[in-house]
Protein chains: 2
Amino acid sequence: MDTNFDKKNFINNFKKNCKKVQIKKFAKGETVTTYIEKRNQICIILSGEVDLIRYDVNGNKTIIGHFAENDIFGEVFYPANTNNELFVTAAKKSEILFFTYNTLLDECKYDCNFHSELITNLSELFIDEIIDLNLRIELLTKRTIRDKLLAYFDILSKGSLNKIFTMPYNYTDLADFFSVDRSALMREVKLLIDEGFIKKDGRKITLLY
Amino acid sequence: MDTNFDKKNFINNFKKNCKKVQIKKFAKGETVTTYIEKRNQICIILSGEVDLIRYDVNGNKTIIGHFAENDIFGEVFYPANTNNELFVTAAKKSEILFFTYNTLLDECKYDCNFHSELITNLSELFIDEIIDLNLRIELLTKRTIRDKLLAYFDILSKGSLNKIFTMPYNYTDLADFFSVDRSALMREVKLLIDEGFIKKDGRKITLLY
DNA sequence: ACATTTTTGTTGCAATTGCAACAGATTTCT
DNA sequence: AGAAATCTGTTGCAATTGCAACAAAAATGT
């Protein structure tokens, strides 16, 4: 968003002023929550990082989402009738704010003078989340791994205003994020290097075009 | 959403009570809007259907999104620095409500007693949109065309509470939606029929398992 | 500091998918 | 009703990707 909305500040206010939120801490690897029953739960990450993971019937793991500080996630954003087991695990030591969307709309209205500001700012978080999801879809709909990589590099490069940038994912997670085979991803990265399009040093990528 | 939120009713109220909205009509095939400059524009479909389309540098067309009555879309949901030309065309004769998110937050606050209700209900639309996007990602991250089809059929079947249902897309558009080659999609559909998993009559699918 | 776990890098081969092309069916337009 | 446009169904072949497997490197835990 190109607004001057201060996300961090809002989340802090939320945490302090709203009596309906819970805050919990998680060690790396701990399960934060599972999306099984529909509780309209929404979570905001105060610190740390989490992965939203799906295991399908064949046991294939896919990282459906990766969330970091100030990001919002929760089973309220998922259709009720899904087949898969979704769960969220802490990728790092994390502190997470929990609340129930319906509670916020119904009860909170009456005893919380922060309410109006809350809903407005929550909308901003929703919009940010929609932007993230659209970005992901943008990448997933690219036809080849090469196109996914180039589009992703482009985003990171534009974001850092630099031809040199460091990817937030390692290659294993990047393959999950693209939903492609890791070895196929590595092969394509190598081809991009061999053909002179990029240079690579770990997660640090340099665009040569 | 499993709330009793009446989307249609809200949108009607919005249309009637808010002075900041514009309503325009489009014939099939007309361009509704393009996502070029960042105007924080949000649109809601009053009637009809639209496609959000991307043409990449090679001229490949992808349907990034398809929106129908009561759905929300707009360039506010897309990152500002994208490379692609996105535009929205009317798939059917459509009537569309336009507004600017920032205007709503800033100006509207003071002269519109409908404001608080508006923002709350808008949040519901945002959540619905997030659910749709997550559903799409769910499908796009399936490894094979077969898995995409089976997952999609599953959703449609659960939605209609029936093993028999009619797809909202034709096969050309379905291929776009999955971001796969149309002939490869047809081939896989045929295999599912030959192997006895499904029956098909045009867009009407019967699950045999 | 050392053992253990995770990630990287690589390869051959098989499976899946994309591409191109075209005929027939269906839908849309006038 | 007839013409034009779009969609369906199909195929051979090439390109891309997934799978399996393993060694080396790096990161993590105690």
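Sequence lines set the chain letters: A, B, ... in the order given, protein chains first and strands last, and positions in each chain run from 1.
Summarising the geometry of B:Leu122 relative to B:Phe10, their closest heavy-atom pair is N-CZ, 4.0 Å, with the distance given to 0.1 Å.
With rounding to whole Å, A:Leu191 atom CG is found 11 Å from C:dT10 atom P. Taking atom NZ of residue B:Lys92 and atom P of nucleotide C:dC29, one finds them 13 Å apart after rounding to whole Å. Rounding to whole angstrom units, CG of residue A:Asp181 and P of C:dT8 are separated by 14 Å. Atom CE in A:Met186 sits roughly 15 Å away from atom P in D:dG18 (whole-Å rounding). Taking atom CG of residue B:Asp147 and atom P of nucleotide C:dA15, one finds them 16 Å apart after rounding to whole Å. Rounded to an integer number of Å, the gap from B:Arg187 CZ to D:dT10 P is 12 Å. In this structure, B:Lys148 places its NZ atom 11 Å from C1' of C:dT16, rounding to the nearest Å. In this structure, the NZ atom of B:Lys190 is 11 Å from the P atom of D:dG12, given to the nearest Å.
Ion pairing of A:Asp128 with A:Lys7 is present here, as a side-chain N (NZ or NE/NH1/NH2) and a carboxylate O approach within less than 4.0 Å. With respect to B:Lys24 and B:Glu95, no salt bridge is recorded, no charged nitrogen being found less than 4.0 Å from a carboxylate O.
The side chain of B:Thr144 sits closest to C:dT16 out of D:dT17, C:dT16, C:dT10. Checking C:dG18, D:dG9, D:dC7 against every side-chain atom of B:Thr172, the shortest atom distance belongs to D:dC7.
With B:Ser94 contributing its side chain and B:Ala90 its backbone, the two residues share no donor-acceptor pair below 3.5 Å. Side chain of B:Thr141 to main chain of B:Glu138: a donor-acceptor pair is present (N/O by atom type, distance under 3.5 Å, no hydrogens or angles). One N or O on the side chain of A:Arg136 and one on the backbone of A:Ile64 form a donor-acceptor pair closer than 3.5 Å.
Contacts between residues 197-209 of chain A and DNA chain C, counted as heavy-atom distances below 4.0 Å, involve A:Lys200.
Classified by interplanar angle (parallel below 30°, tilted 30° to 60°, perpendicular above 60°), the ring pair B:His66/B:Tyr169 is perpendicular.
Residue A:Ser183 places no side-chain N or O under 4.0 Å from the OP1 or OP2 atom of D:dC19.
Comparing A:Leu185 and B:Tyr171 against DNA chain D, the residue whose closest nucleotide sits nearer the 5' end is B:Tyr171. Residues B:Arg146 and B:Lys28 both approach DNA chain C. Their nearest nucleotides, taken by heavy-atom distance, put B:Arg146 toward the 5′ side.
A cation-pi contact links A:Lys163 to A:Tyr209, judged by a cut-off of 6.0 Å to the six-membered ring centre and 45° from its axis.
Of the inter-residue distances, the one linking A:Ile205 atom CD1 with A:Phe197 atom CZ reads 14.5 Å to the nearest 0.5 angstrom.
If you check every strand for non-hydrogen atoms under 4.0 Å, A:Arg182 touches a base.
Axis deviation across the helix from C:dA1-D:dT30 to C:dT30-D:dA1 amounts to 80°, comparing end segments of five pairs, rounded to 10 degrees.
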